Amino acid sequence: MASAPSILERRRDQALPVLDQMEIDRVRRFGERRSYPAGAAIYTIGQVGAGLMVILSGSIEVTHADKSGQRAAIVTHETGHFLGELAQLAGRPSLADATAKGPVEVLIIPPDRLRALFVGEAELGERIMRALILRRIGLLETGSGGPIIVGRADNGDVLRLEGFLRRNAYPHQLLNPETDAEAKTLIERFHVDPGQLPIVLCPGGQLLRNPGEDELARCIGLVRPIDPNRVYDVAIVGAGPAGLATAVYAASEGLSALVLDCRAFGGQAGASARIENYLGFPTGITGMALMARAYNQAQKFGAEMAIPDQADGLIAPTQIFGRFVLQLASKERVTARSVVIASGARYRSLAIDNLHEFEGSSVHYWATPLEAKLCADQEVALVGAGNSAGQAVVFLASQGVKVRMLVRRPDLTETMSRYLVDRIEGLPNVQVETGCAVSGLEGNNGVLEAVRWRHSGSGEETRRPIHHLFLFIGAEPNTDWLASSDVRLDGKGFIITGEEAGGDRHALETTRRGVFAIGDVRAKSIKRVAAAVGEGAQVVAALHGYLSARAGAPTAAAMVSSPSAQVQSR
Ligand SMILES: Cc1cc2nc3c(=O)[nH]c(=O)nc-3n(C[C@H](O)[C@H](O)[C@H](O)COP(=O)(O)OP(=O)(O)OC[C@H]3O[C@@H](n4cnc5c(N)ncnc54)[C@H](O)[C@@H]3O)c2cc1C
């Protein structure tokens, strides 16, 4: 059967646009001319390139290594084409090799000048940005240029690593050690014991044995060291919709912004199979697509990303110098004049003793194409009755999964939007069981074999041979990391802001001046994507007010000489 055409074939004109002479002349002021001899390596996989390159004369071949390590051509760029994809926007390592076919002359536009081009040449910038995004999608389709994971698709650690790369829109390939000849070669070559799987082969040639996400991210250059001497106008904790909106508005209005996220961009919204109530998307949009757009947009305006990087503490004493310090799990530090906390919420689990044994392999808190593939043609149990549960049920059912929905309440209407209730009622492969709760899980070696649930009315227990359990039972605020700070929380751990935090506080400001909280992590916020995005926009006005007031505040030297300064600054 012929394979479906790739995105580069389907949208060739947009993915590989040709700049005419007038357009090349317009972009000249953003770049620098450079010549390369025939055969020169222009980009090398795993290494940070000089920037986006417009070809002034000659041609350049872009290649990658396929599963078996053989060179495979992606495209040949000619005069008027430009080389690069999203990695060039953020100064990240290249995902492909590029070699001069003959002598070539190019215009190199480094990442900061590329962002200036987007602002100064909006229409041209839009065409270039679209091409960079389409090219990344092309690499994601084939897994080109990214790491190679060797392990079974249903292994919990493989799922964890694939989920991490997928959530960060990073291409990768998965090789099955039992069926792929290339996998067997890699295992033999690196003397890997089957018990040590999965292994990951990074584009730079390094071999990792069942790495953590942080180790993998650093190996592929997804996250870079943070400059300890840099003072950002704002450090944003969390790259969900609230944090990304702050980054877009702050960076586009000239503030230097660093966004940290301990997992991936997108937050909870990135896990949503289809968001149907976000303004401007009448047919709905997957959370990942919406969040990827925001992530690229923030970088287009110059916001820096540190993902994955986890904030472990907020030190305010140095506020005496008008600066906050965030301590990171990596032992690095971020210094900023203000902080926006957008760390959102994490999923609740069930109080079942052996549940943790099945997490990662059989118990899921997301329902994405990855999980749907794992559960194809099977019956699964899904616990929850909110909109996120409803969306997951509709998505899984659309992928051919038979869903048994377990709901504690007598019906769905109290907790779920009407449109989702109606849709679920019309799905033949969904069975809703109301008035019941999970009472036990059975299985071995991380593989779930059966789920039991008890009916509150009759007290009877049902047991079904089910291998996958999905939990969508609400969320708790991600505020543990603030325990030693003086940012005050309410009884449920959400951050108090506005009047309750202090008489003259901005509506989104916490008990600590200069520290703001937005989105799901904020007490009394509306737990919706649109509300999180709105607060992200709103907080930037507050940041401007705070930073300009601080600019007129006494100097650091003067503050040090005043022992009362820190107290006053609160
Ligand atoms: C499955 C699902 C479907 C949903 N569907 C819809 C919908 O259709 N419509 C709608 O309006 N809403 C929906 N929601 C709710 C919506 O997604 C949330 O209200 C929204 O994502 C909140 O955004 P946020 O940025 O405040 O927080 P989050 O989205 O929770 O993002 C917080 C981010 O902070 C990071 N983080 C946490 N702690 C730290 C730390 N210490 N250091 C660094 N980073 C940290 C997390 O990794 C996360 O990425 C859904 C939620 C879920 C779970």
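FYI, side chains are in, hydrogens and waters are out, and symmetry mates aren't considered; it's all heavy atoms of this structure. What you see is a predicted model; the values in this text were computed from it and never measured.
With sequence neighbours left out, Ala372 forms a side-chain contact (heavy atoms from CB on, under 4.5 Å) with Phe395, Leu396, Gln399. Evaluation of the side chain to side chain donor-acceptor pair (under 3.5 Å) rule for Gln378 yields no partner, not counting sequence neighbours. Listed by chain and residue number, Tyr365 satisfy the side chain to side chain donor-acceptor pair (under 3.5 Å) test with Ser349 (two or more places apart in sequence, or in another chain). With sequence neighbours excluded, the residues forming a side-chain contact (heavy atoms from CB on, under 4.5 Å) with Ala329 are Gln310, Asp312, listed by chain and number. For Ala235, the side-chain contact (heavy atoms from CB on, under 4.5 Å) partners at least two apart in sequence or on another chain are Leu326, Val334, Ala336. Residues satisfying the side-chain contact (heavy atoms from CB on, under 4.5 Å) criterion with Ile307, sequence neighbours excluded, are Asn168, Ala239, Asp261, Phe265, Tyr295, Met305.
Evaluation of the salt bridge (Lys or Arg N to Asp or Glu O under 4.0 Å) test over residues 168-177, restricted to residues two or more places apart or in two chains, returns none. Sorted by first and then second residue, the salt bridge (Lys or Arg N to Asp or Glu O under 4.0 Å) pairs involving residues 347-376 (not counting sequence neighbours) are Arg348-Glu476. Contacts classified as side-chain hydrogen bond (donor to acceptor under 3.5 Å, both in side chains) and involving residues 275-290 (residues at least two apart or in different chains) are given here: Glu276-Arg423. Screening residues 384-407 for salt bridge (Lys or Arg N to Asp or Glu O under 4.0 Å) gives Glu379-Lys402, Glu379-Arg404, Arg404-Glu433 as the qualifying pairs, with residues at least two apart or on separate chains. Applying the side-chain hydrogen bond (donor to acceptor under 3.5 Å, both in side chains) test to residues at least two apart or on different chains, the pairs with a partner in residues 188-203 are Gln196-Arg209. Among residue pairs with one or both ends in residues 142-155, those qualifying as salt bridge (Lys or Arg N to Asp or Glu O under 4.0 Å) are Arg152-Asp154, Arg152-Glu178; sequence neighbours excluded.
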Derivation and outcome, side chain to side chain contact (heavy atoms under 4.5 Å, CB included), residues Val421 and Glu425 = CA-CA 6 Å; Val421 178; Glu425 278 171 3; 3.6 Å; yes
